[in-house]
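Notes follow the structure.
These numbers were taken from a predicted model, which means no experiment stands behind them. All values below were derived from every heavy atom in this structure, side-chain atoms included, with hydrogens, water molecules and symmetry-related copies excluded.
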Amino acid sequence: MRVSASSLAVAALFLTATSCSTEGDASTSAADGCEEALGDSGIEWVESHADVAGGGELDRGGVDLKDARAQHYKQMESGGSDGSHWSSELCTITAFDAGKKKELKVEFGPSSLPFDFQTKGAEEGTNTPVNSDVKLHQVEDSRGVVRYGIYVKCKIPGTSSRQETETPLAGVMTDTLTSGTSARDHMKYLLHSARAMADALECRNEPTIPAEPGAAMP
């Protein structure tokens, strides 16, 4: 499945699911990608803003960073041919409210678009440059769901000299679970996830990924 800014739609691989209660202690649940991706404060943020009647149970799952790294490197080693891009689902937090599924999902993988895709007029939505290594992207799909994206220049060992700009690390967060949260909140935790993923990948160029999106993000 391709990770692109236009669709920002990605597929999960090899998920290991766990569950926890919004009223429980996250430390008592089995390890999953959510704690690595979002951090303790991110988990607390989701739980405290989950829009579920009666504080219903949240199911949690995702691959850990070790597996996400292996999947990403395998893809890059294969050359990233058209149609073969995919992503790792680091974290999905799901609940059912009145029979309706609500979820927050964080995914990362090799991008199918270059870092400078916006200069080619190939994308809709809002682009927010953070620095020379990182940019944010935000777009609303036909269902009204906002997709929060991030692109990071990450040089993978053994790839071409242009790989970090032609096939950057791409991530996306979608959220139909929480309420009363801002775009800035979402980008903050997406940046946290990107730092964790970049560290796991050991990007040769050591991209600078800040903790906050900066003044350009409202």
query = When you look at Ile93 and Leu38, which way does the side-chain contact (heavy atoms from CB on, under 4.5 Å) test go after all the steps?
reply = CA-CA 11 Å; Ile93 303 177; Leu38 300 175; 4.3 Å; yes

message = Would you say that Ile43 contacts Asp40 through its side chain, given a criterion of any heavy-atom pair below 4.5 Å between the two side chains?
response = no

key: Validation row: Thr165, Asp116 side chains within 4.5 angstrom (heavy atoms)   = no

ask   = Given side chains that start at C-beta, do those of Val63 and Phe108 come closer than 4.5 Å, heavy atoms only?
value = no

task = Inspect the contact between Arg147 and Glu107 and indicate whether a charged nitrogen and a carboxylate oxygen are less than 4.0 angstrom apart.
result = no

ask   = Is there a side-chain contact between Arg143 and Thr176 (heavy atoms, below 4.5 Å)?
value = no

Check: Glu36 and Leu90 side chains under 4.5 Å, non-hydrogen atoms = no

task = Look only at the side chain of Gln163 and the backbone of Cys154, and say whether a donor-acceptor pair between them is shorter than 3.5 Å.
result = yes

request  = Look at the side chain of Ser193 and the backbone N and O of Ala37, then say whether any donor-acceptor pair between them is shorter than 3.5 Å.
outcome  = yes

request  = First locate atom OG of Ser41, then atom NZ of Lys188, and finally report the distance between them rounded to the nearest 0.5 Å.
outcome  = 5.5 Å

side-chain contact (heavy atoms from CB on, under 4.5 Å) evaluation trace for Trp45 with Thr181 = CA-CA 9 Å; Trp45 167 70; Thr181 59; 3.4 Å; yes

Atom of Ser111, atom of Tyr151 and distance for their closest heavy-atom approach = OG-CE2, 3.4 Å

query = Distance from His49 atom NE2 to Asp185 atom CG, nearest 0.5 Å?
reply = 6.5 Å

ask   = Between Glu140 and Val146, does a side-chain contact (heavy atoms from CB on, under 4.5 Å) hold up when you go through it step by step?
value = CA-CA 4 Å; Glu140 185 174 318; Val146 177; 4.3 Å; yes

task = State the CD-CZ distance between Glu103 and Arg60, to the nearest 0.5 angstrom.
result = 15.0 Å

Tyr148 and His186 aromatic ring geometry - parallel, tilted or perpendicular at 30°/60° bounds = parallel

message = To the closest 0.5 Å, what do you measure between CD (Glu35) and CG (Leu65)?
response = 11.5 Å

message = Ignoring hydrogens, what is the shortest heavy-atom contact between Leu58 and Ala95? Give both atom names and the distance.
response = CD2-CB, 3.5 Å

note = All heavy atoms of Gly61 vs all of Cys34, minimum pair found to be O-SG, 3.8 Å

ask   = With sequence neighbours left out, what residues match Lys100 under salt bridge (Lys or Arg N to Asp or Glu O under 4.0 Å)?
value = none

message = Ignoring hydrogens, what is the shortest heavy-atom contact between Ala194 and Ile150? Give both atom names and the distance.
response = CB-CD1, 3.6 Å

ask   = Would you say Ser88 and Asp67 make side-chain contact, with heavy atoms under 4.5 Å?
value = no

request  = List the steps and the verdict of side-chain contact (heavy atoms from CB on, under 4.5 Å) for Met187 and Thr128.
outcome  = CA-CA 11 Å; Met187 290 301 191; Thr128 305; over 6 Å; no

task = Hey, could you give me each pair passing salt bridge (Lys or Arg N to Asp or Glu O under 4.0 Å) that has a residue in residues 162-177? Not counting sequence neighbours.
result = Arg162-Glu166

task = Measure the shortest side-chain to side-chain distance between Leu191 and Glu212 over non-hydrogen atoms and say whether it is less than 4.5 angstrom.
result = no

query = Can you tell me how far the NZ atom of Lys105 sits from the OG1 atom of Thr94, to the nearest 0.5 Å?
reply = 7.5 Å

task = Identify the heavy atoms of Lys102 and Asp97 that sit nearest to each other, and give their distance.
result = NZ-OD2, 3.0 Å

query = Taking side chain as C-beta onward, heavy atoms only, is Pro110 less than 4.5 Å from Met76?
reply = yes

Exercise answer: donor-acceptor pairs, residues 195-210 side-chain atoms, under 3.5 Å, sequence neighbours excluded:
| residue | atom | partner | partner atom | Å |
| --- | --- | --- | --- | --- |
| Arg195 | NH1 | Pro210 | O | 2.9 |
| Glu202 | OE1 | Arg69 | NH1 | 3.4 |
| Asn205 | OD1 | Lys155 | N | 2.8 |
| Asn205 | ND2 | Lys153 | O | 2.7 |

request  = State, to 0.1 Å, how close Gly42 and Tyr189 come at their nearest heavy-atom pair, and which atoms those are.
outcome  = CA-CE2, 3.3 Å

query = Does Lys66 come within less than 4.0 Å of Asp64, counting only side-chain N to carboxylate O?
reply = no

request  = Can you measure from CD1 (Ile156) to CG (Leu169) and round to the nearest 0.5 angstrom?
outcome  = 7.5 Å

